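First the structure, in the form of structure tokens, and then the observations on it.
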Amino acid sequence: MKKMHRWKFKPSELIESTEELYNPGRGWYQIHNFETETCRTPEEMRSSLHETDALVLLLIRIPASPEDLSQKEIDSICCILRTFSEAGKDILLRFVYDLEGKGLENEPNRFAIVERHFQQLAELMGTQAQHIFVYQGILVGSWGEMHTSRYLSSRYLGQLASIFREGTGGRIYHSVRKPVQWRQLFDREDWERVAKTSKTGLYDDGILASETDLGTFGEQSGEDVGWEQPWLPQEELDFEERLCRYAPQGGEVVYGEMTEKMSLEQIIARLSRMNLSYLNRDHDKRVFEIWQTLRWKKEDVWQGMNGFDYIGRHLGYRFVVRQAVLKPKRKEIKLQLVLENIGFARMYEEAELLLEYEDLDGKTETKKIETDVRTWNPGERVSLSQSLISGAGSYFLTMRRCQDGRVVYFANRQGEKGRLLLGEVILY
């Protein structure tokens, strides 16, 4: 910073916003079903998109024929992925044999066919990795949900997961339906270290329907049944809380015995413990109607908001800048920032945090602030320090996802097009 004998820093108020943020890799999604044999135009595909959703879940049915996928079918899949990506949507992807809930009837009668199809699909996903946020499931089961299939033993799961990792080069997040299925893929020894690099998370399509999330969890202690069996709900939630620091979890809520028993505070505590990043906005409407009758009671900026909106705004990460102050440090002046992640989960993709200086003539300079946003835990504050770039003028904070430059918006009212005014240095 240029030497200034008399100056003062006028910080922004940095008021927290309760608005929904259109940020990548989190939020609500809708399901879109496709069949590789039936082509739709890009215009037809885009016509059903929900404008404010950053995510979509694509279920793409492939034929169970023993023949390899044709080039026409592969081209059709690539067209679908490009269309939604170009529409600004992050893709949750699931290839399936079944869209009717008849997994056993509609999947191939030999595992060798499944293997060959999945090899083709994994190689295809490897070439399209820039368009795919998470791949859900492992191809088999009703709706591809990893149930009602003859190919869900530990041996089959391990073979298919290996095909996925090899074909995609580890560039795409993978999620399995139950914590026990994750444990069937990875050994118990040093499992949390493995979780940091495996990019394998969870999706739960039975959230809050019952004590066990419709069989997602078990009814016996892990001490009694071992690593490769379902555990009691509280044990599984402890496991999820640790596992999903490193890979995302999403899914669907379902109306059931738990729906009307839980307060809003209990629901939020549960979703936060799961590190929940995304939810299906269409399922279950009966649950959402109940959430809309609940109100947040804590005396903060969220007081009085209905449960549905509160939960939607906290899915995934939500970054608030709490403080920006200037402090002299020997021969330089440091800008010190305090940010807080008030969402249910981390951000799982790399992003750059940028400090931008604009002088009195409108000229700008930008400097990267060294930090890894993927380590910003939900419910925690992060303190950062950065030398100022120049002299009198305005200072802004911006965040962009590395892979495509998409803006990540801060949950502060002062943000404009993703650029948050931190304050001004004034000479006098």
Side-chain angles (χ1 to χ4, degrees), residues 9-28 52 54 244-245 248 264-265 268-269 271-279 295-327 334-356 368-386 394-401 406-424:
F9 182 63
K10 182 182 177 182
S12 292
E13 288 188 72
L14 298 175
I15 300 170
E16 182 177 347
S17 169
T18 60
E19 295 298 312
E20 178 61 284
L21 304 176
Y22 187 71
N23 277 336
R26 46 98 23 224
W28 298 104
T52 62
C244 293
R245 295 171 189 168
L264 180 57
E265 290 74 16
I268 289 167
L271 302 183
S272 178
R273 195 172 175 192
M274 296 172 66
N275 293 269
L276 200 69
S277 286
Y278 48 88
L279 279 175
R295 290 292 181 272
W296 184 248
K297 297 177 182 178
K298 188 175 179 181
E299 293 183 3
D300 57 19
V301 297
W302 300 91
Q303 187 174 26
M305 179 171 283
N306 74 73
F308 177 81
D309 288 339
Y310 183 97
I311 289 167
R313 284 156 172 73
H314 288 79
L315 291 171
Y317 58 91
R318 187 179 179 93
F319 301 142
V320 183
V321 181
R322 295 296 189 192
Q323 189 178 62
V325 296
L326 280 189
K327 289 194 175 181
K334 290 272 191 179
L335 176 66
Q336 295 191 340
L337 299 173
V338 177
L339 302 96
E340 184 177 4
N341 179 6
I342 63 168
F344 294 152
R346 288 182 176 182
M347 184 176 185
Y348 295 98
E349 298 171 294
E350 289 185 88
E352 286 187 329
L353 188 64
L354 304 170
L355 179 64
E356 182 180 316
K368 181 179 176 181
I369 300 176
E370 293 299 329
T371 184
D372 187 348
V373 302
R374 296 170 298 177
T375 66
W376 295 5
N377 290 319
E380 293 184 6
R381 293 194 174 194
V382 178
S383 297
L384 302 171
S385 181
Q386 180 65 52
S394 299
Y395 290 84
F396 301 88
L397 195 66
T398 304
M399 186 181 290
R400 294 185 179 276
R401 186 167 67 175
R406 274 189 61 181
V407 169
V408 176
Y409 295 94
F410 297 103
N412 293 86
R413 292 186 194 173
Q414 297 84 354
E416 181 180 347
K417 295 183 179 179
R419 196 171 74 150
L420 176 64
L421 177 64
L422 298 173
E424 300 173 277

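For clarity, every value in this text was computed on a predicted model and none was experimentally measured. Below, each value reflects all heavy atoms present in this structure, side chains not excepted, and no hydrogens, waters or symmetry copies.
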- [ ] Kindly compute the distance separating CG (Leu276) from CD1 (Ile311), expressed to the nearest 0.5 Å.
- [x] 9.5 Å
Task: Leu335 side, atom CG; Ser385 side, atom OG - distance, nearest 0.5 Å - done: 7.5 Å
- [ ] Grab the two heavy atoms, one from Gly304 and one from Arg295, that are nearest each other, plus how far apart they are.
- [x] O-CD, 2.8 Å
Task: Reported CD-to-CZ distance for the pair Glu349 and Arg374, which is rounded to 0.5 angstrom - done: 9.5 Å
Open item on the list: Under a 4.0 Å threshold between the charged nitrogen and the carboxylate oxygen, would Arg318 count as salt-bridged to Glu19?
Closed with: no
Open item on the list: Show the nearest heavy-atom pair for residues Ser277 and Gly25, with the distance to one decimal.
Closed with: CB-O, 4.4 Å
Task: Sub-6.0 Å ring centroid separation between His314 and Trp302 - done: yes
TODO: Taking all non-hydrogen atoms of both residues into account, name the closest pair between Pro378 and Gly343 and its distance.
DONE: CB-O, 3.1 Å
TODO: Go through the steps for Leu420 and Leu14 under the test side chain to side chain contact (heavy atoms under 4.5 Å, CB included), then give the verdict.
DONE: CA-CA 9 Å; Leu420 176 64; Leu14 298 175; 4.2 Å; yes
Open item on the list: Quick test of your reading of the model: are Glu16 and Arg322 salt-bridged, counting only N-O distances below 4.0 Å?
Closed with: yes
Task: From CZ (Arg406) to CZ (Arg400), nearest 0.5 Å - done: 11.5 Å
TODO: Mind listing the closest non-hydrogen atom pair of Gly418 and Val407 along with its distance?
DONE: CA-CG1, 3.6 Å
- [ ] Answer whether the closest heavy-atom distance between the side chains of Pro24 and Val408 falls below 4.5 Å.
- [x] yes
- [ ] Would you confirm whether Arg413, through its side chain, and Glu13, through its main-chain N or O, come within 3.5 Å as a donor-acceptor pair?
- [x] no
Open item on the list: Using side-chain heavy atoms (C-beta onward) and a distance below 4.5 Å, is Asn275 in contact with Arg346?
Closed with: no
Open item on the list: Is any side-chain heavy atom of Phe9 closer than 4.5 Å to one of Val325?
Closed with: no
TODO: Under the side chain to side chain contact (heavy atoms under 4.5 Å, CB included) rule, what do Tyr409 and Met399 come out as? Steps first, then yes or no, please.
DONE: CA-CA 7 Å; Tyr409 295 94; Met399 186 181 290; over 6 Å; no
Task: Heavy-atom closest pair, residues Leu384 and Leu339 - done: CD1-CD1, 3.8 Å
- [ ] To the nearest 0.5 angstrom, please state how far the CD1 atom of Ile15 sits from the CG atom of Asn412.
- [x] 9.0 Å
Task: Lys334 NZ to Leu326 CG distance, which is reported to the nearest 0.5 Å - done: 12.0 Å
Task: Contact check, side chains of Arg273 and Phe344, non-hydrogen atoms, under 4.5 Å - done: no
Task: Partner of Trp376 by ring pair (Phe, Tyr, Trp, His ring centres under 6.0 Å), out of Phe319, Tyr348, Tyr317 - done: Phe319
Task: Charged N-O contact under 4.0 Å between Arg313 and Glu20 - done: no
- [ ] Would you indicate whether the side-chain heavy atoms of Leu355 and Leu422 approach each other to under 4.5 Å?
- [x] yes
Open item on the list: I want to check something: taking the side chain as every heavy atom from C-beta on, are Trp28 and Leu279 in contact at a cut-off of under 4.5 Å?
Closed with: yes
- [ ] Provide the closest heavy-atom pair for Arg419 versus Thr398 in the form atom of the first, atom of the second, distance.
- [x] CG-OG1, 3.7 Å
